[in-house]
Amino acid sequence: MTLVTGPTDMLDLARLVDSRIPGRALPAPFYTSREVHELDVAAVFATSWIFVATEPEIGEAGDYLTLDVGPYSIIVVRDDDEQVRAWHNVCRHRGSRILTEPSGSVGNIVCGYHQWTYGTDGRLLHAGTQAPGFDRSCFGLKPVHVRSVSGLLFVSLAEQPPADFDDVAARITPYLEPHRIRGTKVAAQHDLVEHANWKLVMENNRECYHCEGGHPELTCTFFPSYGYTPEEMPRHLQPAYARYLAAEAELERTCRERGLPYEKIEELSGRASAFRIQREALDGAGESFTRDGRAASRRLLGDLDVARLGRTSMHHQPNSWFHLLSDHVVTFTVLPIAPDRALVRTTWLVHADAVEGVDYDLDTLTEVWDHTNEQDGTLVARAQAGVSSPAYEPGPYAPNESHVDAFCDWYLSRVREYLQP
Amino acid sequence: MTLVTGPTDMLDLARLVDSRIPGRALPAPFYTSREVHELDVAAVFATSWIFVATEPEIGEAGDYLTLDVGPYSIIVVRDDDEQVRAWHNVCRHRGSRILTEPSGSVGNIVCGYHQWTYGTDGRLLHAGTQAPGFDRSCFGLKPVHVRSVSGLLFVSLAEQPPADFDDVAARITPYLEPHRIRGTKVAAQHDLVEHANWKLVMENNRECYHCEGGHPELTCTFFPSYGYTPEEMPRHLQPAYARYLAAEAELERTCRERGLPYEKIEELSGRASAFRIQREALDGAGESFTRDGRAASRRLLGDLDVARLGRTSMHHQPNSWFHLLSDHVVTFTVLPIAPDRALVRTTWLVHADAVEGVDYDLDTLTEVWDHTNEQDGTLVARAQAGVSSPAYEPGPYAPNESHVDAFCDWYLSRVREYLQP
Amino acid sequence: MTLVTGPTDMLDLARLVDSRIPGRALPAPFYTSREVHELDVAAVFATSWIFVATEPEIGEAGDYLTLDVGPYSIIVVRDDDEQVRAWHNVCRHRGSRILTEPSGSVGNIVCGYHQWTYGTDGRLLHAGTQAPGFDRSCFGLKPVHVRSVSGLLFVSLAEQPPADFDDVAARITPYLEPHRIRGTKVAAQHDLVEHANWKLVMENNRECYHCEGGHPELTCTFFPSYGYTPEEMPRHLQPAYARYLAAEAELERTCRERGLPYEKIEELSGRASAFRIQREALDGAGESFTRDGRAASRRLLGDLDVARLGRTSMHHQPNSWFHLLSDHVVTFTVLPIAPDRALVRTTWLVHADAVEGVDYDLDTLTEVWDHTNEQDGTLVARAQAGVSSPAYEPGPYAPNESHVDAFCDWYLSRVREYLQP
């Protein structure tokens, strides 16, 4: 005798993890249960490196942003020495949230409740009148690990963050550096609350099986042959496939001439900091993620001297993906809000000197991903609704869903590691 | 030491069932606890035959409707052979909800996520490129039992639905057939979310103790002597009582002449598919559930040749009631949403050839039950608020609440059966 | 292996109570967990005397008000003998909430569901037709203890309310009587839902460490030296301090001449009915809680012959505070709604004969506390947000937070007493 809806039962979480059939979607409680939601925060988000923001968002000393990672609130701030620091946004006195705006600029970090005052370096500078023996040095802000990889800011809430991220950073840096993210500015940042578990959002992003029909704007610059193996290529797509092969060959040549990396690295499971990066040609003008494939910004990034560089696409688990184009960078971070709700933050970066209305048009820059996000939001909300039925039974992944399968494997291994005694 | 509010405790459900005092209202957790809500879905809604819709709502091949029964989403569809079928609205791939509209018409049933395509007969017809060995025949839509009783559609989510429903169907069919529901059309369908546990909604419907004062429109056609036994009939109601006896005698004569059944059958407990049906005279013109008792539609149903046929009222547990009049049929289905929320769907059916504005006026047709539902919604919301107090102690049912008592007995026996090892 | 967010775990409540470090803020689950919320209702609100209203709110026989104390709904009514009575607002029949308005006037207390009718003395007078043997005398409204202390109405949901409240009543009466609350009327009553645990609301009220900067309107009549010990008084506050000492001396003289008490009584922990009362001088005109310190109402309360009487401030645990001025009284009651939500009801009383627009201006009367409540609501919402982070660690109370510390001690002792076998 068991109740049909698992979520409010005391879940035997370890048993749940073991119940997943390899190659199939995850069982329902992974998407619907509050216990699993809390497990995900503890076992995945609080143990990994999490992409949260970019350096241009806090360009000057004193600039900060705040962000919720599940129940955590963190401050990312550029300190007086222009170093990026991250702190728990919790006063050491009675726990008040300290900074309440999404971003801003401060001299010191002052709690609005009783005016406890911290430096941007986290030290408690002032705390009113305290009892004798009160030692200010014991009450600095609690630190959060933070590091910048070519301008992309990753934090870790873990005491001991995964050590293998050094390797990730070393291997992705050559792909990132040419786009000079530290020399960009934020052209737009859009937040979307999707009505689905964060894993459904990530899984959705790991496959383009759903793209046909689902993403008309995005697929403008995808070769129609995308997603087919050479063997299974339908006859009517042969011309498109030939166009793809030529574009890839040209892209490789362009990169070689400039010393730009383009090889695929794909390590989506089997390690703590799992990732994937690859440069790929785009159809149409081949320059950018726009409807016609032309660059959205006339001002190319860094020292790039050619627009037709395709897209460098990166995933980093648990919660982010990126597209680096010659003219702009777009970053995505997914943050869990509830079992059935996740925030997707999308940030578009252009050259710091690019002028809106002159060098770039904001709508042209953002429309492809705004539409695509909106469409994905609808799809994952349907998935969330569906898996909430007791009749849901995880089905098999197709070959073109191998990244989704790898994501699930990775996720479960992170949870297993957390649960083990 | 126990916390005053039971809902979040681990309820010993069996003990809770035993704690009810016969003849009294149910203890509070039956109305307030999430555990009991989930138990109700599993033990009652997923094991019984549930009235969900009428055949005219899906008149043509390909017509469908979708409905949520607790956490379940189901599709009821007329297949290519014009048979009514029911399916779980969950894709066999990654669990997406397939049909997202309340109703419509389809050729095939296509999931909007990855275009998995099912026939109206549930077979998986197309699923993109799959790994070798993928067997489409293993991934048809999961079936839900469905049957039509004279045009009323009942589903069962159980693997083995209660067998005694055959008997119910056989015994109610003679009452239903003369109204020819398959030859009707939907004149109106109104959904109301009541802020109460579904059982409070049903209990409220099982007695008219609350009608006086509470339902001015409904009681227009109730004899004022309604609810009194002959022995306790007050003197001032004697004239109304005489009118009632005369109307009943006339109704019996009218029915006998036409071979129409009118006897009461009342089996509200002691069986899985519990029900009650009875024809009763109406006051006023005696023809229909309108303020003045006159037929709301000039076009009588089926081959009926007289309007003054009173009302044939049917209950079917757990969640529906019906009134069949000479000129229209009105059906009610109650579906649990949350411990303190239930959907009440009311559907008015008139002759398929009746013309709105000519044969019937929509407001006249719907006003009595629209008002009555609204009034009942207010009453049960008050009941829900009241039983949420720790000071609530179930009180005794009066003699005119015997149906409510029978409903509670039936409900508890269903739960007991589910809980037993 | 434990999940980071405690609330949904089965809390070992006793262990949680023991985990608090003396002199520090409470651990997070006390503010965030649903289990603790329910514990608070059971262990604190259902065992204590709770201030809920004032006599002028139900001035005439039949006048009533209803109020939710956690999941309880209570009726406070003046019965036909003009005695104040309190009842559970739950029908003894099927549990319906009986009175649904916040206040009003009735002859009898009639349930709107099936017209069960109770006298204002709680007796069941009428219940329709019942089975033989039904004994009306067994189904009177369930009583709630209620008592008036000089016009302030306290209720207790306990079977045996704390006996030490007699002592409290005896000791505070001399402070209250001169303000003749029974001879006042309600000038305004404002409800504010604060987004914080009720204890954060109370803790916030127990200290003025946060007042500087946080409460510009309130501190208009606080001496700038407020909160400093004589030893730590800064040089620039010496003139204000001298003004304070002079005002206090004058106040003492004024009180002595009139036989008015002014001594501080402070028993905020170590007893069931914990309280504090004290008369203090106000800065500025020194008469009332207005921006300029002048009386807000020209009609002084009772027989008071002088306006410059400072403020008599009283706290009563768990949930109320009061300020008695020469011209008005303002009461505050805090009621838990959810772990992160509490109602703060503020009531302003002026002399029954005072005429709005002539004797007092409503905005002048209410603005200081309307602003202060609003500001406090913002502060405690920040505190609630902050303590919800797993990074929250209770910090030390400063010397000027001794009342907060005492409140926490008292609260934990109440909970301990409830939890002990």
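Residue numbers start from 1 in every chain, and the chains themselves are labelled A, B, ... in the order their sequence lines are given, proteins ahead of strands.
Taking a 6.0 Å sphere around CD of A:Glu212, one finds it holds 12 or fewer heavy atoms contributed by other residues, nucleotides or ligands. Heavy-atom contacts from other residues, nucleotides or ligands closer than 6.0 Å to CD of B:Gln160 number 12 or fewer. Around CZ of B:Arg136, the count of heavy atoms belonging to other residues, nucleotides or ligands within 6.0 Å does not exceed 12. In the displayed structure, B:Arg271 atom CZ is contacted under 6.0 Å by more than 12 heavy atoms of other residues, nucleotides or ligands. Atom CZ of B:Phe139 has more than 12 heavy atoms from other residues, nucleotides or ligands within 6.0 Å.
Counting heavy-atom pairs closer than 4.5 Å to chain A, the top-ranked of the candidates B:His88, B:Arg92, B:Arg94 is B:Arg94. Among the candidates A:Tyr392, A:Tyr228, A:Tyr397, A:Tyr209, the residue making the largest number of heavy-atom pairs closer than 4.5 Å to chain B is A:Tyr209. Counting heavy-atom pairs closer than 4.5 Å to chain B, the top-ranked of the candidates A:Gly227, A:Ala381, A:Ala25, A:Ala385 is A:Ala385.
B:Ala131 and A:Pro399 make their closest contact through N-CD, 3.5 Å (heavy atoms, listed as atom of the first residue, atom of the second, distance). The minimum heavy-atom distance linking B:Thr129 with A:Ala398 is given by the pair O-CB, 3.4 Å. Heavy atoms only, all atoms of each residue included: B:Tyr113 and A:His210 are closest at O-CB, 3.3 Å. Annotation for A:Ala391 and B:Tyr72: closest pair N-CE2, 4.3 Å, computed over non-hydrogen atoms. Looking at every heavy atom in both residues, B:Gly112 comes nearest to A:Leu379 through O-CD2, 3.7 Å.
For the residue pair A:Glu401/B:His93, the side-chain donor-acceptor check at 3.5 Å is satisfied. For A:Glu207 and B:His114, the side-chain atoms include at least one donor-acceptor pair closer than 3.5 Å.
For B:Ser73, the part lying near chain A is the backbone, with the side chain staying farther off; criterion is any non-hydrogen pair under 4.5 Å. With a threshold of 4.5 angstrom between heavy atoms, B:Trp116 approaches chain A through side-chain atoms but not through N, CA, C or O. Looking at A:Pro394, the atoms closer than 4.5 Å to chain B (heavy atoms on both sides) all sit in the backbone: N, CA, C or O.
Between the SG atom of B:Cys111 and the CZ atom of A:Arg382 there is a distance of 7.5 Å, given to the nearest 0.5 Å.
With contacts defined as side-chain heavy-atom distances shorter than 4.5 Å, the pair A:Pro390/B:Pro71 qualifies.
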